[in-house]
Amino acid sequence: MAEHFGDVFKEYLQITGETPAPLARRTGLSRETLINWRKGRVKQPHRWQDIALVASVLGLHVDAATRLLQSAGYPSVVELIEGFQAKGDMLFLQPWIEELRARDRFIALLPPRPVNFTNRVAELTDLAERLQPGSVVALCGPGGIGKTALASELLYRLIDDGRLYVRFPDGVIFYSFYGRSDSAGAFEHIIKSYEPQARDFSPEAAARLLSRKKALLVLDGTEEAINLSDILTVIGSTTVIITSRRRQDAPGRFQDLSPLTKQDALYLLRTWSPQQIDHEAAAERICELVGYLPLAVRLVGRYLYVTGETATDYLAWLEATPLQALNPDGIQRREESVPWLLERSLEQVGPLAEQILGSIGLLALAPFSREEVAAALPDITVGPLLNQLVAYGVLLRMGTRYEVSHALVHTYGRYHFQANVETAVRLAEYYASLATEQTKHGQEGYTRLDEVRTHFVPVLSYCLSGGRWATVQNLTTSVDKYLGDQGHWTEIIKIIGIGLTAARKSGEKQNEVRFLARKGLILCRLGQVKQAILINEQSLSLAQEIGDRNGEAQNLSNLGIACNYLGQMDRAIEFHQQALLIRQETGNRKGESQDLGNLGNAYYHMGQIELSIDYHQQALLLVKALDNAEYMTAKWLNNLGNLYHVQDQIEQAKIYLQQSLALSREIGYLECMGDVLINLGVIDFESGHMETAETFYEQALVVKRKIGHKLGVGSCLHNLGELHKELGNHMLARQYLSQSLAVFNEIQSPFANESQKLLAELKGNAS
């Protein structure tokens, strides 16, 4: 039965505690209109925009807003977003665009939905009831008992009935500690899920972020986590699900997951192998011997289905194993059944399967491609073997990629069929070659590298432990630019540390200088400026000791950047000038351009605009003559455009900015593109060209949202609000400025004061 608009509106007024009078003041609608809505006198308001405005002011999430709209006979929020026509309509829908984008982002982070999930109704119900804001729910039990499957199935069921978005509007983040035991990686993953361009991954940054989020965090495999308490102390109102083989990981009450019941185990076995259960008693005995462990039952079922063997025949083999002699309560059987079942399945694939699993054990517990395994084992035709391992339930196929079906299987392959160091070297060489090639293609290539990124650290670690110093340094160097450009700061620090260890062990001091210099620069960008200075001073001293002039120049340049961060402009200029002299002596033209640009930036901050323009012009002239320097060219063109704008040379400023915009678009340099669009919008706004200024701001807003640059998003919204205030569109101005204020407050930006000031002016005008 269709809902009545008045009833739904009244319900949301009661839930939010709102009344028509204050709601009328906040929306600009009349009090009488809202009273008529509440009393059911209006079945369908004339404008959907008025309903959307009220829903936004009430703070309704997208599902509730859709319900209110549809009760009045209007389309859903999603349908309106996809089909809006009028220029200002999107503004009414803006509050829910980020929420919908968050849904897509965080749902994609979930593990695959379990196949043939069996019963566990009581456990699902109990888990759902315990997911309260700020609560930590722990699922404990041995490996293979179905902890991750239970958590995943619940999430997908909440998605199916729409409750997930209502209960956790800020999304769901899944993080596995298998192969990634340090808490630093977890902090980076959490923060970058919301802020892709973030550089601060400290516990304090995570605490600030999560304090404002109504989200669900799923931490898988915490028995491998180092310093799990570091994460649990910063969760704020975030709800957390922990899966662990250790009860002590639970900060309070835990749910000790039991094996399947006999009935559920039999049902699962029949589901996987419906034709092979020739005797019910044989199937029951198989389930008993494997301890009613879901993973074990699945492995048996897949084996029976693929081979066509009967349950009776399989039982005869199983009873000949040591499992028969183990204690009947099932504890030891659950712990030891999986290796026996895996061995039985692998015998059917053949001895080459052991090499496949051994090579996969070198990788992280994450998806991989056939090409990666083929690179590790060039003498084996791996495709048919991978497909057979999928058939037996050892691997899962995910599109064109594969994944180990369970952490126990990954561990089994790693330790029972340990690959030799040559296999790790071949993988490292494959990744180094792939990174070198794909880096040439910019963002498109980086998307390809994102698929394999998690495997870099474990492969590097194996090569390091095997004493392959050159291989380690080669891969470290090859992935450096990609990781830096994409902002994977925690990983790049870890990888550079591995490369630095290899350089020191091999006595290659020039590489030691290079890795130290790179680490110092990254720490500076992460805001750890004092630590960066110490590392760069150490690297500088070593470079001078061995006569490494390029290394000396790079460290001087890094120290100048660090002083710039600290506001020590005189020292910054001194370091940059020293670096520039060395670059000129050694003929390092790209480095020379960078130092000239750095000097230009320093003089800009000192207010010496003419001198800044001169240095930037020199930097641009140099870099235009170089190959593979498009990013730097776009950057200097944008800087020059800003400088000429400051000098009120508007036409010259536009020329440089348009050149930067064209080049940024061509090479996919989104960060620079967004900055240029904002700068062009500011120029047109100041010149009174409001329509083109609005277009530039809106285009910039799209780009800044795409790369997750929240400061840029806030700036675009603020500029749009200021523009509409100037045009007299006060309702639009208030909405844009309210959104910009929310963004600035979220990231604790001082620009929040500017948005607040304009909002106060609008309020004063209204009164």
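Sequential numbering from 1 along the given sequence is applied to the chain's residues.
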Next on the checklist: Quiz question: by atom type and distance under 3.5 Å, do the side chains of Asp450 and Thr447 form a donor-acceptor pair?
Outcome noted: no

Checklist entry - Is any side-chain heavy atom of Val297 closer than 4.5 Å to a side-chain heavy atom of Tyr292? => result no

Checklist entry - Quick one: do Arg448 and Glu437 make a salt bridge, cutoff under 4.0 Å? => result no

Next on the checklist: Less than 4.5 Å apart, side chain to side chain, heavy atoms only: is that true for Glu422 and Arg468?
Outcome noted: yes

Checklist entry - With distance as the sole criterion, is a donor-acceptor pair present between the side chains of Thr148 and Asp220 under 3.5 Å? => result yes

Next on the checklist: Tell me whether Arg130 at atom CZ has more than 12 heavy atoms from other residues, nucleotides or ligands lying less than 6.0 Å away.
Outcome noted: yes

Checklist entry - So, for Tyr482 and Tyr446, is the gap between ring centers shorter than 6.0 Å? => result yes

Item to check | From Asn474 atom CG to Trp469 atom CH2, the distance as rounded to the nearest 0.5 Å | outcome: 15.5 Å

Checklist entry - Charged N to carboxylate O under 4.0 angstrom, Arg504 versus Glu512? => result yes

Checklist entry - Could you give the distance from OG1 (Thr261) to CZ (Arg120), rounded to the nearest 0.5 Å? => result 8.5 Å

Checklist entry - Any cation-pi pair here, Arg180 with Tyr175, using under 6.0 Å and within 45°? => result yes

Item to check | Exercise: identify the closest heavy-atom pair between Thr423 and Ser359 | outcome: CG2-CB, 4.0 Å

Checklist entry - With side chains defined as the heavy atoms from C-beta onward, is the minimum distance between Leu257 and Thr243 less than 4.5 Å? => result no

Checklist outcome for this item: When rounded to the nearest 0.5 Å, the distance separating CD1 of Ile493 from CZ of Arg518 is 9.0 Å

Checklist entry - Hey, are the side chains of Ser461 and Ile498 touching, using non-hydrogen atoms and a 4.5 Å cut-off? => result yes

